[in-house]
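We count residues from 1, following the sequence as given.
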Amino acid sequence: MRSAPTILHLDMDAFFAAAEQAAKPSLRGKPVVVGGLGPRGVVSTASYEARRFGVHSAMPMAQARRLAPNAAYLVPRFSLYRTISEQVMELLGRLSPLVEPLSLDEAFVDLEAGGSAHDTASALAAGERLRGDIRAVTGLTGSVGLAGSKMLAKIGSEQAKPDGLVLIEPGTERELLGPMPVRTLPGVGPATGEHLRRAGMTTVAELAEAGEDELVRLLGKAHGASLYRMALGHDDRPVVSERETKSVSVEDTFDVDLHDRVRVRVEVERLADRCVQRLRAAGHSGRTVVLKVRRYDFSTLTRSETLRGPTDDPGVVREAAGRLLESVDTTGGVRLLGVGVTGLADFTQEDLFAQAAAAERPAVSTPAAQDEPVEPAGSPPEGDGSAPAQEPEAPAERRFPAGHDVLHAVYGAGWVQGSGLRRVTVRFEEPGSAPGRVKTFWVDDPELALSEPLPLVPEPPGSVRPGQPESGRSSSPRSSLSQSSWPASRPKSRSESRSDSDAGRSGGSGSGSGRARP
């Protein structure tokens, strides 16, 4: 434990939803839910307006729709979130070389290691300065906790939400922690919490009163001793700037159970390719391939195969995943598939036996080889409108996901408010504009296309953001597409525009996001 509150924990407020509200003026102050919109989707993030209705992260999307039927339901835009996260992490890096990211929107910072703070006053100044810089650079808010340990700094940021700062003075830990529930402490999940409740311990003070011997008896030596120290407010975990990656994996949940064995094989191979792309992007290879299958009855099976050496060859991973699939019974239906690689290394060892086997096979030997992935690498997950001849055309809402950015040749930049019945409803507005107008088009309108997200805080030419080096200057690539001047009359093309009220009704027939009318 430190004698000064020089460990900082930052947690961005309702990150995904707040980013969408900042990008879409018409959604500011309205309930927004970001997550999978399919029948089996779950909530990734809910805005504070949506949380008032009881919507929260990890909730089934169907339940969220029942609780907040008039909220805007949007598909995540991870490219935008990663860009904002990089901006925030850069600001944290200016405070200290010891930054420990926990996710895109959360990190610990050792202020003392960077010379940014050495006592209460300097730590408080650093935290307030960080909050101001984050707002100036991203347009979003973050909550900050300052304390002498990581555990208490995280508790402080939770108490500071939203858009606040809480400093916990060293020496006040036990008084603060005493009345809190046991689930507040790191390492106490639902199962451990229930076990402690049955033993008569529901608050941190009761854990401290029980003593170390009793907690060791209940939870084992390592866990019990660690939990007792934390109940007393002691946490000596250091801020680690680089956390070792132990595995890389991807998985998909399907709207409808898969029964066709060939389709299941195609999906497994597609997931294997995506997993290898992530593996290579992280600069790793791996020697153990893991297959995860969740069947129609929610039973989950995992199978693994260890190779002769580390590899990042997509063909080797595909073959291994295919062999693992052969040992799993999928006749009842599959609702989720996942492929992962563990045993990571920084080098590869060519699997000569797999290469030799591949060379002996004909060019097209399995049905899976004839079904190439619909999505080429690097394209949006919804595809570009093309589809294999043997598959039906993708639904319109998949080509124009709710909340994603679009660009129209006449009207400029906007975002998808809803889609369905071969129509897509677009609201034309940008982060710095007033709430925009709504128009509806045919999904095959050649003048309408998906586009990259706009920056939330457009920069004037030649300006430099707080904490940004001179070389970091940039400007919006689509700043010239502002909607400030609308054409006097729309072109008589295949696009179909309607009045605002008609557009709102049509937009709601697809993904459901059109139901939230600003």
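A donor-acceptor contact under 3.5 angstrom links the side chains of D105 and S103, judged on distance only. R294 and T300 are linked by a side-chain donor-acceptor pair at a separation below 3.5 angstrom, with hydrogens and angles left out of the test. A side-chain donor from one of E429 and S26 sits under 3.5 Å from a side-chain acceptor of the other. For the residue pair T83 / Q87, no side-chain donor-acceptor distance below 3.5 Å is found, with atom types taken as modelled.
Nearest approach of A64 to V43, heavy atoms of both residues: CB-CG2, 3.8 Å. The two residues A71 and V33 come nearest to each other via the heavy atoms CB-CG2, 4.2 Å. Closest approach of A272 and V317 over heavy atoms only: CB-CG1, 4.0 Å.
With respect to R94 and E90, a salt bridge is recorded, a charged nitrogen being found less than 4.0 Å from a carboxylate O. Salt bridge status for K150 with E100: present, with a side-chain N to carboxylate O gap under 4.0 Å. Taking a cutoff of 4.0 Å between a charged side-chain nitrogen and a carboxylate oxygen, D252 and R270 do not qualify as a salt bridge.
Considering only residues two or more places apart in sequence or on other chains, F108 meets the ring pair (Phe, Tyr, Trp, His ring centres under 6.0 Å) condition with H9.
Residue pairs meeting the side-chain hydrogen bond (donor to acceptor under 3.5 Å, both in side chains) criterion with at least one member in residues 31-43, sequence neighbours excluded: R40-D257. The stretch residues 159-181 participates, sequence neighbours left out, in these side-chain hydrogen bond (donor to acceptor under 3.5 Å, both in side chains) pairs: D13-K161, T120-E169, R131-D163, R135-D163.
The closest side-chain heavy-atom distance from L27 to L74 is below 4.5 Å. P5 places a side-chain heavy atom less than 4.5 Å from the side chain of P170.
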> Step by step, would you call Y81 with E20 a side-chain hydrogen bond (donor to acceptor under 3.5 Å, both in side chains)?
Replying inline: CA-CA 9 Å; Y81 310 147; E20 298 298 345; 2.6 Å; yes
>> For T288 and T306: C-alpha separation, side-chain torsions, deciding distance, then whether side-chain hydrogen bond (donor to acceptor under 3.5 Å, both in side chains) applies.
In response: CA-CA 4 Å; T288 300; T306 300; 3.2 Å; yes
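Remark: of the listed residues R28, K30, E49, E49 is the sole one forming a side-chain hydrogen bond (donor to acceptor under 3.5 Å, both in side chains) with Q21.
For the pair S57 (side chain) and S44 (backbone), a donor-acceptor distance under 3.5 Å is present.
Between the CZ atom of R229 and the CG atom of L215 there is a distance of 13.5 Å, given to the nearest 0.5 Å.
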